[in-house]
Amino acid sequence: MKKLLTLCLLLTTGLTGYGQSNDVFDKTIKPILEKNCYSCHSHEADRIKGDLTLDTQAGIESVLDNKTDLTKSTLAQQIISREMPPKKEMSSKDASLLLSWIRQGAKLPENMKKDKDSDAWGTKIQTHWAFQPQYKPEMPQFDMEGYQNPIDNFIAAKLENIGLGLSPRANKRDLIRRIYYDMLGIPPTYEDVQSFVNDNSPGAWETVVDKVLQSPHYGERWGRHWLDVARYSDYKGGSNNRRDDPRYVYAWSYRDYVIKSLNSDKPYDQFIKEQLAADLMVRGRKRTPQEMEALAGLGFLTVGRRDRNNDDVIDDRIDAVSKAFLGLTVSCARCHDHKFDPITQKDYYSFHGIFSSITEPDEFQLPVVRDTSSLKQFNEYAKLREEAIKNINKYKMDGYTKWHDHFRKTSGEYIVHTYMYYNEVPGPNRGQYSRTNEVDNVRGLVNRMMSNWNREMNSNNPFWTPYKELIKQDPKTWNVSLHKMSQDKKKYDFGVVRSLQVRKPQTKQQLANWYGNVFTVAYKDLVENKKKNPKYMPGNKLHKKAVEILLKDKGPCDLGNLDTFYRILNNRERTRYENGLRNVTAKFINLEWEHVAVPVRAMVVQERAPVTSRIYILGNARTKGDPAPRSFLEYFDKSGKVYPQNQSGRLQLAESIINNPLSSRVIVNRIWQHHFGKGIVDTPDDLGIQSPDPTHPELLDWLAVYLKENNWKLKSLHKLILTSKTYQQSSKPEAVAENLDSGNQLLHRQNIRRVEFESIRDTMFKLSNNLSNEMGGGPVNLFTKPYSKKRSIYGVIDRRNVPELLSNFDFADPNLPTGKRFNTTIPQQSLFMLNGQMAIDIIKLFCKNNVGETAAQTVTNFYKVAYQRMPTQIEVKLGVDFIQSAKPEKLTPEEQFAQVVLLSNEIIHIK
Amino acid sequence: MKTCNDVKHPLTRRDFLQQTGLGLGMIGLGTMLRQDVLGAQPQGKVKRILHIFLQGASSHIDTWDPKPALKNLDGKSINGNRLGHGSNFEFEPCGQSGLLMSSAFPNLKKFADDICVVRSMKTDVPSHDVGVRVFNTGQISLPRPSFGSWVSYGLGLENENLPAFIALNSGSVQRYSESFQSGFLPGLYQGTPINTRLNSVEQMIQNIKSPVMSLDGQRKQLDLLKKINTLHSLENNKDRELENRIKSFEIAYNMQIEATDAFDIAKESKETRDRYGNSSQGKQMLIARRLLERGVRFVQAWHGGWDHHDNLFNSLTARAKDIDGPLSQLIADLKERGMFEDTLIIMGGEFGRTPHRDGAGRNGYFGRAHQHTGFSTVLIGGCVKGGTAYGATDELGYKAVENPVHVNELHSVVLQSLGFDHKDFTYRYNGRDFRLVLPEYLENDHAKGILA
């Protein structure tokens, strides 16, 4: 209907429908109203005049009094007659835009503020479950024997409503495989399975649960889930043509921090706080070793995308913080108030201020948070590091010296070129002139140098004043002029005038040549004599003056600072220099990524003088509106408390987040999702108005409160879930139940799930006895020989160039926080398993380690290792038949069989 | 009209993906199922797209946007202290329509009546990396799904044995990889980059051929795999996801054969290969034809080397020659096969070049500098108003002045040609509806006048 209406209006007016689209209204009409009308006719006005408000539809309707012809209404007539606005003139363009909007009905977007006291987003936010205060709902009472876990009470109660109950417990092998993949990301061994299957004690399951919760692989598995949310990457991303090394040197310290934090069961509130403000948590005393390492948590803020525009970097941080911890899409409010959730643009810019009030240290000099000097390889490392830094500095110094000499040595030539460039070459040809000339075998003149010389040559230095004036005159008059100049020794350097009187240049070119020559000779003389006497200064007065000009600070040849001098070079030379710099820097970064004894350095942020950001109107940095003091989201903190003046407010932000019920709801939902394949809310990064309704809102809150009661210990939550009957149910679908509980929304069974790429790779490595237990350290190479034996979480991630293989396997886009990966099954995945070199290499290794003496033995061994069970009779027969009939190719029949075993569904699906 | 604040959506592809509660598992398995649910294909005229991307930014003034006034200003000051640069190419009216065409593209002239030149293109920034990003993702700063991925998402797979989106290139497009990445769209819609300079299909496509097994041997392996998987699946009451994966191995097997076949131009007769010629683009256009025939939805052919700052006449002549013959051949072949009507060919660079001189005048010819305020993009196919030029730049070619078409608006037009409303064409990710087209370009749809 709405669509039709727009269309009609389009036909009658030939204009686009403003009222229908917020974007258009916000961009065109709202600014006009704000500029011309709202200072008197809105709820924001200091004093509403004429009892008329134009920021509510009702107000507008009151002056839209001629419905048959809206242009005859009071509202339109006031504008047409230029009665309004009274004290200023509205531009005719604005007026006509406004009139066309009136002609279309003068509709305000639905979410425009209705009046000052009511909520801008309508009534829905008042009842939205996620924005309600938190309480511990009453547990549904169930008179069922053996239901001792509250989770089961909540789940079973809902199932009972539709006439279903929980499915029976899964068989023990499936169960232990399930918990290993869920919690550790790798399968148990055959022996693990057997000992659980044969353990008939009542505490058998709990023993397994406790074992996996103690395993260090837990952090490696669940750390990856969090890294998806933290949009982790070892590369900076952003601009395509960045000229520096695109890698972060120490992003991995954040990755290791996450793994360690999870393994040590760090309370989640502390985990939040450290990632936002670890640097502010300890004041006035020395940090403990743990507190030092916690600084690496700040990587959450810093490992994001590095766009050229700093506002985009801040946006990335706002996005990550709000989605990860609050399940809110605050970054939607960058250009306008959030369309659905109670988040204003002002809220966005109050966060913007927080993240504008921090800086980062030089990326090569980040603080060491874990010392490794006790390692035996440390000395070797320290030496290499020193060498690498020395090489970088030497490269810079060499470059600097080279150009420093070059520009001084060629000053004579540059003076002449500068004369030519600015006085003889017509403007349009200058580009060509500077590109095609060369000095001292360097092609192309450096424009910056010519501009420096031009400034110098036209300065009031008495050395140059003769040049400056003569160049404006006809050379025929120079004799007379020089004579006059010789009378004023203060203004004109007498040595220069005298020499020119002797040399008698006939043309301007010759004049420039003379000056140039002075510099050439003077510099040559200086260099030669300095070899013998480092303190040498020329005795010749002219030469001495020239040398002073060459050497002075901010003079024409001053290259400035060692780190930035090369920026004055031409593109070609500059690129050459930058390429070289990148090469020596790469060696340094390689060392920091690869050496075993590298100390852990944290990608920290630091406080700086706090700033208050102003709202960017429509997200445009050039049009700033009201200041937005640093504070929490207004709707969620009705006190309107502003964060302290003298701090960025990160610590306070962390506290606001922790105190908001959303933070516990969000993390409980994330954890639930990874245990069941689906969250209680299906959009883990967005719990706002637009999110689908939770399947079990009471359970979610009950668990959220439970988590807090247990000191935010995530492992306590895991344990509660893992020991529930709900978790331990069979995953087998049954037709009747599937119909009653379509899509298994209410969890009448467990879900069958395909494991993620990391687990697939780690499984294959483990089954072929090739997986290393080594934890932490610089990122490693996963896909090309020699394959790292470390777990996949340690693989290098380049956010600009995610390997095709990872994308094919639904890897999370490292540019955006991602709480839920896709789950697709596409042929490219199968092609990798079938034909990929890595897959084949692993298969061979698997076969070699497990092949038996007979075909039957081989089949049995393979099944035991790969599936942690014995093959059935029919499976043995299938396998033996295959091995005996397959033609040997580059893979032996046993290897061919091994490939089939490792390709099968049983390997990569958790039942 | 859909904006950020509509809550209810019609059943779109995205809803289907999300509401069925089955995840995306089965979508990769072809369009059959999708048609069952969605009813019909998008109702647009265009079913497939070939995007020839002239990377480096081709000069519009020498190719598609004649500026006779500039001839008289050659070497004279224009635009402040710049020197004018009249084109060294000749333009003549071609076809029945009399579309003015440049001597740079002699062979294409016979298709003048099928060509629509958008002469009033504009983009945001005259630098290559940003320009390429805007043209291929619609976004200036953020990494987002590529244009080709959006199109593939919209159209779905026609041939499940081939990727929906293939980006042909001669290597070194790594720095532009976001031009064919799927971003937050499912990996299924990611462009597969193929380096056509490589000699064999195995080198071109990752994992397309086993380095250790023959197809026959693999067939036996897969037969066994199917049995093992079926036993497993039965035990789990044929869970849908398990069934999908069983099928995906069969598709993968077929893909080895079909993709190998599609890229193997040795299967074409020598005469055909000669007609397309030996140049890099000859090979790419021939492969492109074979892919389009086999149901690939979006073929992107990268054609680099158009950054002519100097010696433009010689360099552009050579670059244009590379594509002129092979593209003409491709058009002829598409027509012969009855595919021309529902194929859209887009050709152009990331921005245009200035009417004034740049460079040192090597070999007696100057070049042109970067320009984003006005340039040309060429659309060829049954869906466009052939033999016409849409919009115009000013007298010298600096700026689009008549009906300016921002790159985003061109994307809108292309979406419309596929049968989508560019405003409704959204994808929900992480709590937000994302669109290919930026909001500021949503309302301005005069450019649909390009479409027939």
Side-chain angles (χ1 to χ4, degrees), chain A residues 3 6 16 20-24 111 239-241 307 309 312 329 332 339 427-428 432 435-436 683 685-686 688 690 732-733 743 752 754 801 804 807-808 810 813 815-816 822-827 830-832 834-837 840 878 882 886-887 889-891 896 899-900 903-906 909, chain B residues 1 3-5 21 23-25 27-28 77 81-83 129 141 143 174-178 182-184 186-188 190 206-214 217-218 220-221 224-225 227-229 232-233 236-237 239 241-242 244-245 248-249 251-252 255 360-361 430-432 439-440 442-443:
Chain A
K3 199 164 186 169
T6 319
T16 43
Q20 268 56 44
S21 162
N22 278 12
D23 294 326
V24 177
N111 72 336
S239 158
N240 269 332
N241 62 346
D307 294 295
N309 177 345
D312 290 337
T329 49
C332 286
K339 305 283 182 188
Q432 195 193 349
R435 266 194 296 275
T436 44
T683 52
D685 304 318
D686 178 19
Q690 284 225 294
K732 195 168 176 172
I752 297 177
R754 193 199 76 205
N801 194 15
E804 208 180 328
S807 298
N808 284 340
D810 306 318
D813 180 356
N815 288 304
L816 292 166
F822 292 116
N823 179 22
T824 63
T825 300
I826 63 174
S830 308
L831 282 176
F832 161 71
L834 267 177
N835 301 339
Q837 190 60 50
I840 289 164
L878 280 173
F882 179 88
K887 288 200 193 82
E889 299 195 24
K890 281 186 189 151
L891 291 185
Q896 294 176 27
Q899 183 168 29
V900 175
L903 284 176
S904 81
N905 276 343
E906 187 157 351
H909 286 88
Chain B
M1 177 181 317
T3 64
C4 279
N5 52 346
L24 291 157
I27 300 306
S77 285
N81 55 8
R82 308 290 194 170
L83 294 183
D129 61 320
S141 63
Q174 204 68 318
R175 66 182 289 197
Y176 297 123
S177 58
E178 65 197 4
S182 55
F184 51 70
L188 181 60
Q190 156 163 295
Q206 241 179 30
N207 305 326
I208 196 60
K209 191 174 173 206
S210 172
V212 289
M213 290 297 294
S214 66
Q218 272 192 345
K220 294 210 175 69
Q221 283 183 297
L224 174 65
L225 178 66
K227 286 178 198 154
I228 294 181
N229 275 343
H232 178 251
S233 179
N236 295 286
N237 286 356
D239 179 87
E241 168 133 8
L242 297 177
N244 283 341
R245 192 160 177 274
S248 90
F249 274 101
I251 297 174
M255 193 183 253
N430 237 336
R432 231 195 94 186
E440 54 260 50
L442 271 186
E443 301 299 329

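A note on names: the letters A, B, ... follow the listed sequences, proteins ahead of strands, and every chain is numbered from 1.
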Q) Between Met213(B), Lys227(B), Arg82(B), Gln218(B), which has the largest tally of heavy atom pairs under 4.5 Å with chain A? A) Met213(B)
Q.
At a 4.5 Å cut-off on heavy atoms, which part of Phe832(A) comes close to chain B: side chain, backbone, both, or neither?
A. both
Q | Results of salt bridge (charged side-chain N to carboxylate O under 4.0 Å, His left out) for Arg435(A) - residues two or more places apart only | A | Asp358(B)
Q: Start with the C-alpha distance between Glu889(A) and Gln896(A), add both sets of side-chain angles, then the distance that settles side-chain hydrogen bond (donor to acceptor under 3.5 Å, both in side chains), and finish with yes or no.
A: CA-CA 9 Å; Glu889(A) 299 195 24; Gln896(A) 294 176 27; 5.0 Å; no
Q) Of all of Gly688(A), Pro733(A), Ala886(A), which one pairs up most often with chain B through heavy atoms under 4.5 Å apart? A) Pro733(A)
Q | Contacts of Asp810(A) that satisfy side chain to side chain donor-acceptor pair (under 3.5 Å) - sequence neighbours left out | A | Arg754(A), Thr824(A)
Q. What residue, out of Lys887(A), Gln837(A), His909(A), has the most heavy-atom pairs lying under 4.5 Å from chain B?
A. His909(A)
Q. Mind checking whether Pro211(B) and Ile840(A) have side chains closer than 4.5 Å, heavy atoms only?
A. yes
Q. Checking Lys209(B) against chain A: side chain, backbone, both or neither under 4.5 Å from a heavy atom?
A. backbone
Q: Name the region of Ser77(B), side chain, backbone, both or neither, that has any atom closer than 4.5 Å to a heavy atom of chain A.
A: side chain
Q: Please check if the side chain of Asn229(B) supplies one atom and the backbone of Ser904(A) the other of a donor-acceptor pair under 3.5 Å.
A: no
**Q.** Contact origin within Leu878(A) toward chain B - heavy atom pairs under 4.5 Å
**A.** both
**Q.** Under 4.5 Å from any heavy atom of chain B - which part of Thr436(A)
**A.** side chain
Q | Which atoms of Gln221(B) approach chain A - backbone, side chain, both or neither, heavy atom under 4.5 Å | A | both
Q) How far does CG of Asn835(A) sit from CG of Asn207(B), to the nearest 0.5 angstrom? A) 6.0 Å
(Q) Please check: side-chain N/O of Ser214(B) versus main-chain N/O of Gly217(B), any donor-acceptor pairing under 3.5 Å? (A) yes
